[in-house]
Chemist: 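I have a structure I would like to understand better, so I am pasting it below and will then ask my questions one at a time.
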Amino acid sequence: MNTDFFAHKLISWYNRHKRDLPWRNTRNPYFIWLSEIILQQTRVVQGLPYYQKFIENFPTVQDLAAADEKEVLRLWQGLGYYSRARNLHTTAKMVVSEFGGVFPDTYNELLKLKGIGSYTAAAIASFSHDEKVAVLDGNVYRVLSRVFGVETDIAGKDAKKVFGKLATELLPDQQVSTYNQAIMEFGAIQCTPGLPQCMFCTFSPECSANELGKQSMLPVKSKKVKVKERFFHYFILEKEGRFAMKERNGKDVWSGMYDFYLTEQESMQDLSVLAGNDTFIDALLRESTISGESEKYLHILTHQRITAQFWHIQINPGSKIELPENLKYYSLNEIDDLPKSTLVNNYLKQYFFEK
DNA sequence: CAACCGTGGCT
DNA sequence: TAGCCAAGGTT
């Protein structure tokens, strides 16, 4: 297929079918960047309200840079992949301190920023000023693999080279912004992962997958995620109407988010076993009152199935129990403002805020 | 560089 | 139900 023909036909389709999305009505690299980070591995319907919240709370990169990380994470709460929010804040501060508050818009400059990889750099550079770089995301892999019959494994290491070469060859000289958005939009609403409606597709006459009936086989993707089972036992320590929480850190899930005292076991256990395995729990149960035991929550992540149970513990007045490192007492109002995982937030909503 | 990082919707 | 996956990036 002639490359000009492909781009022209795609843009024509886009002009007829594109959705009206707020980040498409701007050339401001700051707004485009916000939308791109929010939309990484995230559906438009899920990211849309977060985009609105972020541009309202942080109209400029200076506003975002001046915020506390905790505030940024709190706004990000519920969207997942929280390193995106931490990197977002780091990058905003870097733009203010090292770029004079002017958000970079060239591919090579953008690549230097935290949380911006090859896709996001290409998206911001092309959307903001038509820089001639091809975007390569899940949509582009799918569209190119089907239309041109490319059977390279998109999870393999050759994928970026093979599809990147094709994507770059197809790039038009003009309207790069429109073209890049068009190929992604086409993948999102016409050339969909599930059974696409190929009888109504503008590329049905030229599409390799349509001709060979290989739509469901493409793109080829080899990797299967293996799911790890985890068992969380949370202890909510209450003293004088305040509750002990701590910030999670390290490389585990929910880094930067707040939760309670946690003991993790290889299966769900009762209190006597927990006390035997955990000296703090043992000491705690001797000097306090168990005031509540939650149902078991099953929390599903891409790589993990977490079963969690929450025990509510009243610390007796005059108890000599000292909180383990990092735990501090917070009022319910303060807890509302802390960034929390959806698991913890679901528990709090059920047992504190909506009861 | 393979593994890891969330959540919610769909089949 | 179990699996897939959605505008990826980092380590």
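Residue numbering restarts at 1 for every chain, and letters A, B, ... go by the order of the sequence lines.
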Chemist: Nearest to the side chain of Lys221(A) - dG9(C), dG6(B), dC5(C)?
Modeler: dC5(C)
Chemist: For a quick test of reading the model: is some side-chain N or O of Trp254(A) closer than 4.0 Å to OP1 or OP2 of dT7(B)?
Modeler: yes
Chemist: Write down the distance between CG (Leu113(A)) and P (dG9(C)), rounded to a whole number of angstrom.
Modeler: 12 Å
Chemist: Looking only at atom C1', what distance separates dC5(B) and dC5(C), rounded to whole Å?
Modeler: 15 Å
Chemist: Over all strands shown, is Ser35(A) touching base, sugar-phosphate only, or nothing at heavy-atom distances under 4.0 angstrom?
Modeler: nothing
Chemist: Would you please indicate yes or no on a ring centroid separation below 6.0 angstrom for Phe6(A) and Phe148(A)?
Modeler: yes
Chemist: Find the distance Lys251(A):NZ to dC5(B):C1' and express it as a whole number of Å.
Modeler: 12 Å
Chemist: Contact class for Ile300(A) vs. all strands (heavy atom < 4.0 Å): base, sugar-phosphate, or nothing?
Modeler: base
Chemist: What's the closest nucleotide to the side chain of Glu36(A) if the choices are dT10(C), dT7(B), dA7(C)?
Modeler: dA7(C)
Chemist: What is the separation between atom CZ on Arg305(A) and atom C1' on dC4(C), rounded to the nearest whole Å?
Modeler: 15 Å
Chemist: Starting at OH of Tyr50(A) and ending at C1' of dA7(C), how long is that distance when rounded to a whole Å?
Modeler: 17 Å
Chemist: When you measure from the side-chain N and O atoms of Gln304(A) to the phosphate of dC5(B), is any distance below 4.0 Å, counting only OP1 and OP2?
Modeler: yes
Chemist: Nearest to the side chain of Asn139(A), heavy atoms from C-beta on, is which of dA7(C), dG9(C), dC5(B)?
Modeler: dA7(C)
Chemist: With a 4.0 Å limit, can you tell me whether Thr342(A) has a side-chain N or O closer than that to the phosphate oxygens OP1/OP2 of dT7(B)?
Modeler: yes
Chemist: Tell me if the centroids of the rings in Phe232(A) and Tyr297(A) come within less than 6.0 Å of each other.
Modeler: no
Chemist: Measure the shortest side-chain to side-chain distance between Tyr81(A) and Thr42(A) over non-hydrogen atoms and say whether it is less than 4.5 angstrom.
Modeler: no
Chemist: Suppose you measure atom P in dA7(C) against the same atom in dT11(B); what distance do you get, rounded to whole Å?
Modeler: 16 Å
Chemist: With respect to the side chain of His303(A), which nucleotide from dG8(C), dC5(B), dG6(B) is positioned closest?
Modeler: dC5(B)
Chemist: Quick one: Leu301(A) CG to dA3(B) C1', roughly how many Å, whole number?
Modeler: 15 Å
Chemist: What I want to check is whether an N or O donor and acceptor connect the side chain of Thr42(A) with the base of dT7(B) at under 3.5 Å.
Modeler: no
Chemist: On DNA chain B, does the nearest nucleotide to Arg43(A) precede the nearest nucleotide to Lys157(A) from the 5' side, or the other way round? Give the residue.
Modeler: Lys157(A)
Chemist: Provide the distance between the two P atoms, one in dT1(C) and one in dG6(B), to the nearest whole Å.
Modeler: 24 Å
Chemist: Could you tell me the separation between the CG atom of Asn249(A) and the P atom of dC5(B), rounded to a whole number of Å?
Modeler: 14 Å
Chemist: Checking only heavy atoms, does the side chain of Arg84(A) share a donor-acceptor pair with the base of dC5(B) at less than 3.5 Å?
Modeler: no
Chemist: With respect to the side chain of Tyr82(A), which nucleotide from dG8(B), dA7(C), dT7(B) is positioned closest?
Modeler: dT7(B)
Chemist: What's the CG-P distance between Asp137(A) and dG9(C), to the nearest Å?
Modeler: 10 Å
Chemist: dG9(C) and dG9(B): how far apart are their C1' atoms, nearest whole angstrom?
Modeler: 23 Å
Chemist: Charged N to carboxylate O below 4.0 Å: is that the case for Lys246(A) and Asp259(A)?
Modeler: yes
Chemist: Is the shortest side-chain N to carboxylate O distance from Arg230(A) to Glu264(A) below 4.0 Å?
Modeler: yes
Chemist: Look at the side chain of Tyr119(A) and decide which nucleotide, out of dT7(B), dC5(B), dG9(C), has an atom nearest to it.
Modeler: dG9(C)
Chemist: Indicate, with yes or no, if the rings of Phe235(A) and Phe280(A) have centres closer together than 6.0 Å.
Modeler: no
Chemist: So what does Leu21(A) touch, heavy atoms closer than 4.0 Å: a base, only the sugar-phosphate, or nothing?
Modeler: base
Chemist: Give the rounded distance in Å between these two atoms: CG of Leu343(A) and P of dG6(B).
Modeler: 12 Å
Chemist: Using the C1' atom as the point on both nucleotides, what is the distance between dC1(B) and dT10(C), in whole Å?
Modeler: 11 Å
Chemist: Does Thr302(A) contact dG6(B) through a side-chain donor or acceptor facing the base, at a distance under 3.5 Å?
Modeler: yes
Chemist: Measuring centre to centre across the rings, with the benzene-like ring taken for any Trp, is His17(A) within less than 6.0 Å of Phe186(A)?
Modeler: no
Chemist: dT7(B), OP1 or OP2 - any side-chain N/O from His299(A) closer than 4.0 Å?
Modeler: yes
